[in-house]
Amino acid sequence: MIYIYYGFCVLSVIFAWIAQKKNSKILYIFSTMLVCIIVGFRGINVGIDTEVYYTYIEWIQDGIFQTSDVGFYYFAKFLLYINDSAEFVVGIFSILTIVFIFARFWSLRDRLSLPLLQFVFMAFYLQLCMNIMRQFFSISIVFWATRFLEKKKYGIYVLLNVLAVSFHKSSIIGLVLLFIYYYISEKISIKKLIILFLSLCIVPVMAIVYMNKFLGDYSNYLSSSNVNLGLMIFLKLGVLILYIVTRHKALCAKKQECIFDKTIFLIYFIGLGITALGYFYTYVDRVGLLFMLFEPVCLARMSSKGINWKIFKAFTLLLSIFLIVVNYRSNGNGIFPYTWFFIK
């Protein structure tokens with residue numbers, strides 16, 4: 001089954017390449033479906049947390065599961081009404097997560113390489129989204145909703161962000177994206193810069209404190225402290241800083257494309273900062289997962305035509321391959337042995 005897992009991933013990237021070349025939405029839907037099959041048809045033992053979600057859904061079936069994340073509860077109830085099985089509910093949540101993320105990738109096809117976006121995402125985050133299913137579903141909604149921020153439809157984004165929070169409250173951090181998109185895309189005065197700075201500093205702290213103080217389900221984000229410094233975060237920060245230094249003149253321009261660049265790189269920088277806190281608090285890096293979904297976007301942007309683009313593309317590909325090998329050998333996310341739920 002491991003050959004099916006990696007085979008579907010490779011085929012998905014190939015079809016994404018063809019879909020972008022021919023500008024074919026049908027081919028891209030097929031590319032997306034291949035990954036949806038991987039995550040949606042996985043067995044109960046694929047992923048460290050998958051069995052936990054099966055238990056949650058069984059509790060919902062029995063009427064004994066209680067949660068303040070009302071969106072998750074009622075959507076799961078609705079799905080159980082359609083098909084009274086945990087496999088169906090987990091499958092739909094997982095499939096929709098991929099659909100939201102890949103739909104956002106498709107909207108970037110005129111700017112970035114679709115196959116590279118998918119390859120990086122699958123190397124970095126595909127296995128993770130088969131574990132923390134509920135949070136990934138929630139942040140995938142916000143990630144997809146950022147397309148409305150680019151169109152300056154802020155009200156629609158806020159509504160979708162509220163919807164995402166109803167599935168997992170960590171998505172409240174999505175308010176930071178609203179501030180970033182608004183202040184970078186609009187004319188920026190000194191007053192707005194100050195407000196932006198305070199927003200970027202205060203909102204993440206408020207989100208973490210809110211979860212820690214009022215939400216018992218998330219108190220372990222800060223209660224588990226473990227200093228465990230690693231080199232990966234410093235490597236990523238170093239590459240990001242190197243790119244910004246070599247491209248600072250272009251990034252300072254006021255063209256629409258430069259606004260896009262400044263937005264995604266600021267989001268990614270904040271994500272790396274929050275992730276770095278995970279070296280001191282074991283689970284706090286999960287708060288920054290929404291920002292880290294922009295990592296494939298930023299790496300694909302670095303790998304686009306421009307100064308030293310070949311170096312950045314080589315880095316992106318080598319890092320992705322390295323992570324694929326490490327994840328396979330260590331099986332840290334409990335994905336292997338990979339099986340489908342209907343194969344007992």
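All values reported here derive from a predicted model rather than from experimental measurement.
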*How are the rings of F100 and W144 set relative to one another: parallel (under 30°), tilted (30 to 60°) or perpendicular (over 60°)?*
tilted
*Do V142 and L159 sit in the same hydrophobic cluster, where Ile, Leu, Val, Met, Phe, Trp and Tyr count as joined when their side-chain heavy atoms come under 4.5 Å apart?*
no
_Heavy-atom closest contact (L323 atom, A123 atom, distance)_ = CB-O, 4.0 Å
*Could you tell me if the ring centre of Y268 sits under 6.0 Å from that of F265?*
no
*asked:* Tell me whether F148 at atom CZ has more than 12 heavy atoms from other residues, nucleotides or ligands lying less than 6.0 Å away.
replied: yes
*Taking the six-membered ring for Trp, are the ring centroids of F167 and F137 within less than 6.0 Å of each other?*
yes
*Provide the closest heavy-atom pair for S320 versus F119 in the form atom of the first, atom of the second, distance.*
CB-CE2, 3.4 Å
*Would you say I264 and C298 make side-chain contact, with heavy atoms under 4.5 Å?*
yes
*Before accepting this row, confirm whether a basic side-chain N of the pair E295/R301 lies closer than 4.0 Å to the acidic partner's carboxylate O.*
no
*For the ring pair Y5 and Y338, is the centre-to-centre distance below 6.0 Å?*
yes
_Co-membership, hydrophobic cluster, residues I44 and V89, 4.5 Å side-chain_ = yes
*Under 4.5 Å between any side-chain heavy atoms of Y328 and I2, yes or no?*
yes
_Flag if over 12 foreign heavy atoms under 6.0 Å of CD, Q61_ = yes
*Scan for side chain to side chain donor-acceptor pair (under 3.5 Å) pairs involving residues 28-50, sequence neighbours excluded, and state none if there are none.*
S12-S31, Y28-Q118, S31-Q118, R42-T50, R42-S94
*Any link between I95 and F15 through a network of hydrophobic side chains (Ile, Leu, Val, Met, Phe, Trp, Tyr) touching at under 4.5 Å?*
no
*Would you check if I267 and Y181 make a side-chain contact, meaning some heavy-atom pair closer than 4.5 Å?*
yes
*Would you say the side chain of L299 lies within less than 4.5 Å of the side chain of L116, judging by non-hydrogen atoms?*
no
*So if you build clusters from Ile, Leu, Val, Met, Phe, Trp, Tyr with side-chain heavy-atom gaps below 4.5 Å, do M133 and W59 land together?*
yes
_Within the 6.0 Å centroid threshold, strictly below: F78 and Y81_ = no
*Check the pair S170, V287 against side-chain contact (heavy atoms from CB on, under 4.5 Å), reporting the backbone distance first and the verdict last.*
CA-CA 6 Å; S170 65; V287 178; 5.6 Å; no
_From S138 atom OG to D69 atom CG, the distance as rounded to the nearest 0.5 Å_ = 8.0 Å
*Among the clusters formed by ILVMFWY side chains lying less than 4.5 Å apart, do V90 and V99 turn up in the same one?*
no
*Below 4.5 Å, heavy atoms only, C-beta onward: do I14 and P115 meet side chain to side chain?*
no
*What closest approach, in Å, do V297 and L293 show between heavy atoms, and which atom pair accounts for it?*
CG2-O, 4.3 Å
*asked:* Would you say the rings of F136 and F93 are close, in the sense that their centroids are separated by under 6.0 Å?
replied: no
*asked:* Classify the ring geometry of Y56 against Y53: parallel below 30°, tilted from 30° to 60°, perpendicular beyond 60°.
replied: perpendicular
*Is it the case that more than 12 heavy atoms not belonging to F322 sit under 6.0 Å from its CZ atom?*
no
*Test item: L108 and R147 side chains (from C-beta on) under 4.5 Å apart, heavy atoms*: no
